[in-house]
Protein chains: 2
Amino acid sequence: MSTPTESPSTPATDDDPSIDTAVADTSELSEAERGLLVDNLRYVLDGRWRATRDEVRRRANRADLLPDPSRTLEQARARILEEMRELSDEGFAAAGFGADHGGTGDVGASITAIEMLGYADLSLMVKAGVQWGLFGGAVENLGTARHHEKYVADTISLDLLGCFAMTETGHGSNVQELETTATYDAATKEFVIHSPTPSARKDYIGGAAEHARMASVFAQLITAGPGQEPESYGVHCFVVPIRDADGNDLPGVTTSDCGYKGGLPGVDNGRIMFDEVRIPKDNLLNRYADVEDDGTYSSPIENPNRRFFTMLGTLIRGRITVAATAGAASRKALAIATRYGLVRRQFDAPGDEEEIVILDYLGHQRKLLPLIAKSYAIAFAQNELTEELHEVQSDTPAESPDGSADDSKAGRQRELEANAAGLKAYATWHASHAINVAREACGGAGYLDENQISIIRGDIDVFTTFEGDNTVLTQLIAKEVLSAYADDVQGLSAGGWVRFIASMARDVVVEKTAARQVVQTLLESSDEDTEKSALTNRGTQLRLFRNREDHLVRTCAQRLRRATNDDNDAFEVFNNAQDHLLKVGQARTERIVLEAFVQAINDCDSRAAAEVLGKVCDLFVYSALEADLGWFMMHRHISVERAKAIRRGVNELCQDLRPHAATLVDAFGIPEELMGAPMIDNH
Amino acid sequence: MSTPTESPSTPATDDDPSIDTAVADTSELSEAERGLLVDNLRYVLDGRWRATRDEVRRRANRADLLPDPSRTLEQARARILEEMRELSDEGFAAAGFGADHGGTGDVGASITAIEMLGYADLSLMVKAGVQWGLFGGAVENLGTARHHEKYVADTISLDLLGCFAMTETGHGSNVQELETTATYDAATKEFVIHSPTPSARKDYIGGAAEHARMASVFAQLITAGPGQEPESYGVHCFVVPIRDADGNDLPGVTTSDCGYKGGLPGVDNGRIMFDEVRIPKDNLLNRYADVEDDGTYSSPIENPNRRFFTMLGTLIRGRITVAATAGAASRKALAIATRYGLVRRQFDAPGDEEEIVILDYLGHQRKLLPLIAKSYAIAFAQNELTEELHEVQSDTPAESPDGSADDSKAGRQRELEANAAGLKAYATWHASHAINVAREACGGAGYLDENQISIIRGDIDVFTTFEGDNTVLTQLIAKEVLSAYADDVQGLSAGGWVRFIASMARDVVVEKTAARQVVQTLLESSDEDTEKSALTNRGTQLRLFRNREDHLVRTCAQRLRRATNDDNDAFEVFNNAQDHLLKVGQARTERIVLEAFVQAINDCDSRAAAEVLGKVCDLFVYSALEADLGWFMMHRHISVERAKAIRRGVNELCQDLRPHAATLVDAFGIPEELMGAPMIDNH
């Protein structure tokens with residue numbers, strides 16, 4: 001292993017040289033030096049809320065927090081509730097709520113803390129996310145002072161257990177078409193919550209099976225002003241009591257249990273049917289819309305679509321937390337598999353006494369190391385996303401919710417939502433894949449629950465579905481990019497949206513986001529013709545990711561413009577381009593992820609850490625390019641020769657990073673008590 | 001949707017025309033016509049042992065056979081044992097054993113029947129596979145008359161419950177290095193079975209935790225002839241009683257429980273340690289080797305490696321059964337997801353009252369239909385493999401086990417083993433992936449155990465590991481192909497094998513297997529230059545798959561020849577080429593799979609079924625090419641223009657096959673009572 005010769009982002013003159021800028025072999029580092037490297041890498045990975053991470057690390061470093069597969073469903077649920085009460089007693093939940101409602105108002109800390117629970121038990125993370133993030137978040141963000149006063153303190157303390165009743169049996173992705181109704185009755189000043197059909201049943205609702213006493217219910221608000229016909233104003237959110245203090249369904253409410261699932265046994269998912277359940281008018285979470293006593297509807301946001309999506313937008317926190325936790329779960333599974341790969345030996349090396357450590361096989365390195373590199377990349381993008389959410393939500397005073405605000409703020413919110421959608425899909429698909437690979441990399445031992453990965457595998461599966469189906473989310477970001485975040489595009493049907501795109505000026509679609517400073521500098525240090533700069537050049541790497549995105553956006557827009565031809569059915573035009581559209585969303589997210597990685601390296605103070613991160617970033621880039629070589633070659637963004645260099649490069653980078661494998665996963669900073677695995681410990 | 005214009009395998013003159021040879025829309029078929037099409041497709045899919053399939057279908061069409069996630073581990077295990085007893089009472093197991101041992105001697109029927117159990121409960125399939133396939137198979141294939149007489153009838157009737165104790169904590173893939181010893185004591189005419197180290201512990205053994213009374217134990221046979229020093233003769237198999245009639249460990253035996261796993265709760269996996277356990281000499285399964293009373297060792301196979309691999313080779317049945325069952329599990333999950341995709345609606349189509357059936361989205365079609373096509377392909381390859389095993393094993397008289405036999409028979413056995421290894425990896429990776437995708441395609445409903453896919457997902461996970469780690473198996477087939485099944489290559493270390501390859505004559509490596517008749521005819525109907533024949537031409541498709549394999553074999557051999565240079569470490573040469581080697585194995589298997597599909601179409605009597613199968617085969621080919629486009633373009637086997645046509649082709653084939661989706665999965669012939677899923681049934 002050679003010593004470093006050039007920074008990974010220094011432009012090289014030689015075209016695609018064999019990657020020989022190996023970082024120092026960890027085995028050459030003293031234990032103290034390696035410890036420092038781990039600390040420095042962890043510092044970068046931890047991001048702005050590193051203090052929160054350390055706090056949770058300290059408190060959660062207890063093996064009794066790990067899932068115990070011998071528990072019955074009832075026991076698992078009871079145990080998680082018990083752990084929730086412990087968390088609550090420690091003031092865990094305060095960060096998620098405004099200082100004037102009994103919280104400490106630190107959005108970023110709140111998300112980070114919930115994410116960290118994922119290292120212990122994903123059921124605990126989901127249960128905490130439902131209670132404080134979703135139910136609490138709905139009250140906090142869609143409610144007003146009267147709700148904050150009445151509910152927030154009890155939500156933090158768990159004196160009020162809530163659930164988030166959005167999804168219905170018939171509608172998950174298409175939330176605007178929920179069937180539950182909330183009809184205003186001016187005579188009694190009440191809303192009547194009702195499930196008119198079997199498919200209107202609230203479904204998969206965490207907490208609804210057993211623990212929740214109250215639900216934030218999403219329903220079509222129907223009201224009539226004086227002398228008017230009743231009218232539907234779209235989906236709004238209502239606080240609806242569902243159980244009494246003894247846990248019995250309240251009159252008109254019928255809950256049931258979703259029963260056994262692919263994982264997350266500690267979360268009591270259930271169903272709710274409403275039969276003309278009456279609630280006081282005040283239970284409408286009325287930050288964005290209200291109803292007068294006489295039934296008159298009013299909202300500061302006139303356009304119903306914009307109103308709906310503004311309300312949904314405030315709930316983005318849940319999606320970001322889910323993405324963050326998927327990152328944590330991937331890191332834990334990969335860390336366990338990597339440590340196993342470093343102690344497990346199989347088959348003989350000639351001349352050696354012992355069999356070969358399996359992580360010394362190129363095939364095994366190729367399984368794990370690119371996934372570790374991608375996990376680093378995703379962690380950096382996640383940190384940026386959390387920070388942006390924190391800024392946007394801390395910045396928005398609760399008293400000016402008119403949604404019209406200034407355009408730049410609205411644009412920032414829309415971009416945040418698009419990025420959150422894209423990263424949620426990207427990170428959870430990665431998690432699902434990485435955890436699968438990690439399990440398989442541990443052979444039969446990986447299948448035993450005592451070694452944890454099999455449990456994580458079951459728990460993580462639904463992350464690709466909840467808080468937004470990944471395919472729908474990937475499409476969402478693509479639609480936003482293609483329509484350049486145009487107003488009032490949200491909520492259009494597929495055909496309607498295509499007609500909108502088709503009508504847009506050509507240049508709007510291809511307008512580029514201005515690059516951040518560090519990216520701009522690197523771009524300028526590389527040749528515009530990517531084949532003329534070395535592939536080890538970070539600027540070249542950025543260009544390849546940017547060019548792919550631009551190419552896809554431009555060509556997708558061209559395809560969609562066929563809808564201007566009256567002979568073409570708009571939905572068919574949309575549908576025929578759906579694979580293209582999904583690829584736009586993926587390419588866009590991967591570009592954002594790379595840029596976050598580049599930023600993190602740029603901001604890293606430790607030279608040794610920056611050097612290792614540079615290699616890790618190279619491996620992320622090379623393996624991402626390798627995974628999409630067909631596209632890059634088909635569209636002549638990468639030559640045949642360079643394609644071969646990429647395949648070789650992945651191999652070389654794996655071998656270069658092999659000595660750092662333990663360091664890279666130690667830097668995740670997963671509490672050691674949560675890393676227990678007899679297959680490693682008993683070796 | 002147009003009517004068929006040309007058979008899919010007719011050579012076209014136009015280069016890569018848009019695929020417009022749509023098969024008849026199912027919606028245009030009468031219910032009777034559709035039923036006939038389903039029956040004809042099922043007839044082809046069912047293969048030679050269709051009578052066995054129908055028999056199991058009839059008997060297993062009972063919802064009470066489905067896994068019940070509410071069972072505790074103990075209940076799940078007890079229930080599976082109960083189901084095993086039912087099977088045994090019905091004579092289920094007889095087919096797996098020779099007629100002269102109390103069986104009916106129908107190897108193919110035996111494998112097919114166990115595979116079909118996978119439609120009900122994978123725990124049942126595994127438990128049956130362990131008892132009758134592995135334990136019973138070891139006795140049947142490695143034992144001689146005295147063992148057959150003593151054990152077979154009781155194994156069939158479950159009066160004797162057995163387990164298969166091969167894998168140890170320290171050795172799974174590298175079976176030759178097992179540490180358990182069986183030392184012959186001439187004084188007492190006993191073998192002493194012993195676990196000398198903690199890593200010698202037998203591990204993950206199905207049945208060892210609770211039910212098994214006896215184990216077929218693989219151990220290093222150590223003996224000394226008169227006046228000689230004790231010597232190790234390598235791994236042999238012994239029948240060792242481990243529990244008494246009350247289920248207590250026998251003296252010297254310590255069993256323990258592997259506990260909770262990622263799935264398969266009905267299988268009681270456990271561990272066994274032996275402390276100088278004495279068994280009569282007769283308990284050596286002595287078909288391939290024996291020890292005289294005085295300790296003299298003898299074997300008709302002199303070479304220890306060849307002896308070991310001959311013994312292992314007779315156990316190939318387990319691997320083939322696992323591959324077959326992975327196919328069944330994929331088909332079931334895809335069938336459930338497809339049926340859901342046909343009733344689930346989401347988002348509005350302009351002008352329509354109802355929302356759009358999700359399988360009408362191209363994105364959803366692209367998720368499921370290529371996996372269905374691949375499942376067809378795998379099913380046909382599996383049928384051929386089962387048939388070949390049946391022929392080879394039915395053909396080998398038990399009394400001539402000298403392994404030297406005639407070369408053609410030995411070659412046939414070696415090729416069978418290589419194909420079994422390749423298909424096991426290919427089919428189980430497909431299963432793991434397809435079931436994951438199927439779960440996700442059903443959203444939150446897919447995560448509920450009541451809809452089955454989440455359970456199948458947990459159960460199938462370990463299929464990529466047991467009966468041979470997929471990566472190791474893929475490498476095995478590659479090594480066999482590269483060394484042209486040369487004698488005595490098995491058992492060489494990586495470095496030793498590379499040195500062997502390097503010394504081989506160049507032309508041995510690239511020697512092609514003669515193509516079967518139907519393939520040869522199709523090859524001849526297409527241009528040697530694949531770019532000159534249409535991609536819809538089956539001959540062109542076959543050429544692309546064959547050319548990829550040949551190219552990979554040739555270039556891999558070239559890389560490995562670097563080991564002839566003395567400066568190169570042979571292991572390093574091997575390791576640096578490991579990704580290349582794995583790709584050889586995958587390409588080879590995929591070619592074999594395609595050729596089996598082509599054969600099945602050729603043999604299909606129904607024109608309507610053959611036409612649909614042609615389309616399905618096209619989709620299999622196009623999506624396989626799409627998944628590997630990077631390689632095909634990098635090595636100039638596919639042009640940029642053709643690459644684009646392939647992407648478009650997948651879309652068009654998905655849309656063409658969309659009307660047949662229900663037909664394609666109905667043809668799997670999964671008993672309806674085993675297909676229950678409230679998300680579909682309650683729609």
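Just so it is clear: chains get the letters A, B, ... in the order the sequence lines come, proteins before strands, and each one is counted from 1.
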Using a cut-off of under 4.5 Å for heavy-atom pairs, which of [options] has the most such pairs with chain B?
options	value
A:L581, A:L582, A:V462	A:V462
A:N451, A:I453, A:N651	A:N651
A:E177, A:M633, A:K367	A:M633
A:V472, A:I646, A:N682, A:D449	A:D449
A:D203, A:L362, A:D628	A:L362
A:S173, A:G458, A:C258	A:S173

Minimum heavy-atom separation for [X] and [Y], please, with both atom names.
X	Y	value
B:Q578	A:H364	OE1-N, 4.4 Å
A:S432	B:R457	OG-NH2, 4.3 Å
B:S454	A:G262	CB-CA, 3.7 Å
A:M634	B:A643	CG-CB, 3.7 Å

Check your understanding: Which value, rounded to the nearest 0.5 Å, describes the distance between A:K261 atom NZ and B:E450 atom CD?
Key -> 11.5 Å
Practice item. Mind checking the NE2-CZ spacing from B:H171 to A:R345? Nearest 0.5 Å is all I need. Key: 10.5 Å
Exercise for review: Report, as yes or no, whether the 6.0 Å neighbourhood of atom NE2 on B:H433 holds more than 12 heavy atoms from other residues, nucleotides or ligands.
Suggested key: no
**Study point:** Stepwise side chain to side chain contact (heavy atoms under 4.5 Å, CB included) test for B:N269 and A:Y447
**Key:** CA-CA 11 Å; B:N269 294 84; A:Y447 196 57; over 6 Å; no
Contact part of [X] toward chain A, heavy-atom cut-off under 4.5 Å: side chain, backbone, both or neither?
X	answer
B:H683	neither
B:A445	both
B:N436	side chain

Study note, to complete from the structure: Answer key: most heavy-atom pairs under 4.5 Å with chain A among B:A577, B:C654, B:G259, B:G363 is B:G363
Sort [X] into side chain, backbone, both or neither according to what part of it lies under 4.5 angstrom from a heavy atom of chain B.
X	value
A:L448	both
A:D469	side chain
A:L264	both

Exercise for review: Could I get the full list of salt bridge (charged side-chain N to carboxylate O under 4.0 Å, His left out) partners for B:E179, not counting sequence neighbours?
Suggested key: none
Point to revise | Short side-chain donor-acceptor distance under 3.5 Å, A:E440 and B:N470 | key: no
Exercise for review: Could you verify whether a donor N or O on one side chain and an acceptor N or O on the other, from A:N575 and B:Q655, lie under 3.5 Å apart?
Suggested key: no
**Study point:** Beyond-backbone contact of A:Y361 with B:T471, side-chain heavy atoms, under 4.5 angstrom
**Key:** no
Point to revise | Any side-chain heavy-atom pair of B:R439 and A:T465 under 4.5 Å | key: yes
**Study point:** For B:F463, all residues meeting ring-ring contact (aromatic ring centres under 6.0 Å, His included), sequence neighbours excluded
**Key:** B:F466
Point to revise | Qualifying residues under ring-ring contact (aromatic ring centres under 6.0 Å, His included), relative to B:H637, sequence neighbours excluded | key: B:H551, B:W631
**Study point:** Contact residues of residues 66-76 of chain A (partner chain B; heavy-atom separation under 4.5 angstrom)
**Key:** A:P69, A:S70
**Study point:** Short side-chain to backbone donor-acceptor contact, A:Q346 and B:N174, under 3.5 Å
**Key:** yes
Review point. Okay, side chain of A:R366, backbone of B:D579: is any donor-acceptor separation there less than 3.5 Å?
Key: no
